[in-house]
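Just so it is clear, the model here is predicted, and its values are computed rather than measured. Lettering of chains follows the sequences in order, A, B, ..., and the numbering in each one begins at 1.
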There are 2 protein chains.
Amino acid sequence: MSQPNKYFISENNVPFNDVFQFGLSVDCVVFGYQEGQVRVLLIERDADPYKGSWALPGDLVSPNEDLEFAANSVLNKLTGLKDIFMEQFYTFGSVDRHPAGRVATVGYYSLVKTNNYHPVASSWAKSIQWFDIRELPELAFDHKNILEKGIKTLQHRVRYRPVGFELLPLKFTLSELQELYEALLGYKFDKPNFRKKILAMDLLIALGEVQENVWHRPAKLYKFDEGRYRALRNEGFAFEL
Amino acid sequence: MSQPNKYFISENNVPFNDVFQFGLSVDCVVFGYQEGQVRVLLIERDADPYKGSWALPGDLVSPNEDLEFAANSVLNKLTGLKDIFMEQFYTFGSVDRHPAGRVATVGYYSLVKTNNYHPVASSWAKSIQWFDIRELPELAFDHKNILEKGIKTLQHRVRYRPVGFELLPLKFTLSELQELYEALLGYKFDKPNFRKKILAMDLLIALGEVQENVWHRPAKLYKFDEGRYRALRNEGFAFEL
DNA sequence: TCAAAAGTGTTCCGAATACACCCATGC
DNA sequence: GCATGGGTGTATTCGGAACACTTTTGA
């Protein structure tokens, strides 16, 4: 490495030997949705520290991989899925957040379509399980903190961007959509008004299909129109629910 | 450090020797506002790499200080100010973003009241200068990227939280407030409607004072009611402009 | 008296709310 | 038929947009 000393004159008097002394990890808040419940995927740690505790899935970042890549890998190993919706939300770097040294962690949240996942245990996970976000266990490290921030971030973003659809199967009914939003935000919507509003946005494609095997009037199925959303957004349209 | 090997079994096969190999820095997008212009504070680097280039003020984090502390220090050394409004917005960690090795950087933006700052040069800054956000120079590293993300974050947050007041002096007129929002968001508001809306929120205290030394009808001065905002927020009020 | 910006009032329209009602299906 | 949830229509209210107007100051 060329002239490293010259490169790292810190205003803060960080001695050169201390520069490359940080660990870096990613932690993922993996959201799922089923039966009216918003859930997150947690693992039971099978390695010290906090062996036996529940924790967010995460891993150390390797020096030769990007953060997004590392976050994607975590999720891919856990669920077998690729190209999952995923966004960074906050970085946690308290001095004492990791017992073994200075490890900063970058928080990502991801949204998993209900039908698709296939969680599998891994070398540091004894088991893996979905938890209702209203009934969370104790968590290792500062993961409670991270998880809460992740939930708040999702609750905010879901109102201003059509990310909620990532949690539903490709085909869904308007009632399912409404229930999802109610579960995410914690309050109720008026059915007629919710429908009017969401349909007025012109972001849903009616598939011409209906539910099957239901013991009441079957609901129409819709899917989200990704292309239409991008087009509208370029014209200045702002999703807001 | 106790049994470090046991602590770092990575799913990702990060070799133990590679764990504590990251540099960590903070970079600050310091916003100011004057004469209808939104400005950011940039430094001219006096150290390699990118010596002579303009860059965001930032510094390496020392292993024994928290991120917020580091970000505050940067700003304090630059402006002499303490307890400045400051929020984290995104973390940038591409493998090749720093020529000397793997350095991830946490982006903060801060808002500085117009009257208060006192920028001073420093050991790695040859000079320091405010730039209109519409007329930015070339920047070192990936700072263009960071700066743009910072601007977008501010533009979003300013609509949903009363952060804009941090850019104005303690006492301000409604027109000044309106001009600030117009400069930040890049579009105009209707004067009567802007006033009605902002006053209806009941977040401003009329000081009973007026402007002086103006050659037209002097405007009333207001200040932001921090306590009232907190109270309203607890009742479920959501600021939105 | 004039220019300039502060500040107010009124009308209009569209969107959100509240709520009542009808429809299709399985049993 | 009835229970259950799907789906629609309408009257009302409220907030935002548009815009015209008055007020206060310095020069």
Side-chain angles (χ1 to χ4, degrees), chain A residues 33-37 158-160 162 168-169 171-183 185-223 232 235-241, chain B residues 34-36 158-160 162 168-169 171-183 185-223 232 235-241:
Chain A
Y33 173 73
Q34 207 156 30
E35 293 153 32
Q37 293 181 337
V158 88
R159 290 197 51 213
Y160 302 108
L168 291 174
K171 304 174 179 185
F172 52 85
T173 71
L174 293 182
S175 290
E176 282 165 359
L177 184 62
Q178 181 177 344
E179 278 157 20
L180 167 62
Y181 273 98
E182 288 175 346
L185 296 172
Y187 51 79
K188 298 287 182 185
F189 293 87
D190 176 81
K191 187 174 55 157
N193 296 333
F194 181 84
R195 284 159 173 269
K196 254 178 294 184
K197 185 162 185 174
I198 206 88
L199 289 175
M201 288 185 195
D202 202 21
L203 288 174
L204 299 185
I205 299 174
L207 292 168
E209 304 172 47
V210 293
Q211 283 180 313
E212 282 171 20
N213 302 321
V214 288
W215 46 288
H216 59 265
R217 173 174 176 179
K220 291 178 191 162
L221 292 170
Y222 294 84
K223 72 170 198 178
L232 286 172
E235 297 167 18
F237 165 82
F239 181 90
E240 180 164 352
L241 148 73
Chain B
Q34 206 157 31
E35 292 152 34
V158 87
R159 292 197 48 213
Y160 302 108
L168 291 174
K171 305 174 179 185
F172 53 85
T173 71
L174 293 182
S175 292
E176 281 165 359
L177 184 61
Q178 180 177 345
E179 278 156 21
L180 168 62
Y181 273 99
E182 289 175 345
L185 297 173
Y187 50 79
K188 299 286 182 186
F189 293 87
D190 176 82
K191 186 174 57 158
N193 295 333
F194 182 85
R195 284 159 173 269
K196 255 179 289 184
K197 185 161 184 174
I198 206 87
L199 289 175
M201 288 186 197
D202 203 20
L203 287 174
L204 299 185
I205 299 175
L207 292 168
E209 306 172 47
V210 293
Q211 283 180 313
E212 282 170 22
N213 302 320
V214 287
W215 45 287
H216 59 265
R217 175 174 174 177
K220 290 178 193 164
L221 291 170
Y222 293 84
K223 71 170 199 180
L232 286 172
E235 297 167 18
F237 165 82
F239 181 89
E240 180 165 352
L241 163 120

For this session: Could you check which residues of residues 212-219 of chain B get a heavy atom under 4.0 Å from DNA chain C? Sort them by number, please.
Result: B:Trp215, B:His216, B:Arg217, B:Pro218, B:Ala219
For this session: Take A:Leu185 and A:Arg159, measure what side-chain contact (heavy atoms from CB on, under 4.5 Å) needs, and give me the verdict at the end.
Result: CA-CA 9 Å; A:Leu185 296 172; A:Arg159 290 197 51 213; 3.9 Å; yes
Exercise. Quick one: on DNA chain C, does B:Lys191 or A:Lys196 contact a more 5' nucleotide (nearest heavy atom)?
Worked result: B:Lys191
Seminar exercise, completed: Correct closest heavy-atom pair for A:Phe239 and A:Val158 would be CE2-O, 3.8 Å
Problem set entry | Donor-acceptor pair, side chain of A:Glu176 and main chain of A:Thr173, under 3.5 angstrom | yes
For this session: Identify the 5'-most and 3'-most nucleotides of DNA chain C with at least one atom closer than 4.0 Å to a non-hydrogen atom of chain B.
Result: C:dA4 to C:dT10
Problem set entry | salt bridge (charged side-chain N to carboxylate O under 4.0 Å, His left out) between A:Glu209 and A:Lys171, intermediate numbers included | CA-CA 9 Å; A:Glu209 304 172 47; A:Lys171 304 174 179 185; 3.0 Å; yes
For this session: On the 0 to 90° scale, with breaks at 30° and 60°, tag the A:Phe189-A:Tyr181 ring pair as parallel, tilted or perpendicular.
Result: perpendicular
Exercise. Looking across every strand, which nucleic acid part, if any, lies under 4.0 Å from A:Ser175 by heavy atom: base, sugar-phosphate, or nothing?
Worked result: sugar-phosphate
Problem set entry | Partner of B:Leu221 by side chain to side chain contact (heavy atoms under 4.5 Å, CB included), out of B:Leu207, B:Leu204, B:Ile205 | B:Leu207
Exercise. Between which nucleotides of DNA chain D, 5' to 3', does chain A make heavy-atom contacts below 4.0 Å?
Worked result: D:dT4 to D:dT10
Seminar exercise, completed: Only one of B:Leu199, B:Ile198, B:Asn193 passes side chain to side chain contact (heavy atoms under 4.5 Å, CB included) with B:Lys196, and that residue is B:Asn193
Exercise. What is the distance from atom CD of A:Glu182 to atom CD of A:Gln178, rounded to the nearest 0.5 Å?
Worked result: 4.5 Å
Exercise. Got a sec: does the CD of A:Glu240 have more than 12 other heavy atoms crowding it under 6.0 Å?
Worked result: yes
Problem set entry | Residue whose closest nucleotide on DNA chain D lies nearer the 5' end, A:Leu221 versus B:Asn193 | A:Leu221
Exercise. If you take all heavy atoms of B:His216 and B:Gln211, which pair is closest and at what distance?
Worked result: NE2-OE1, 4.1 Å
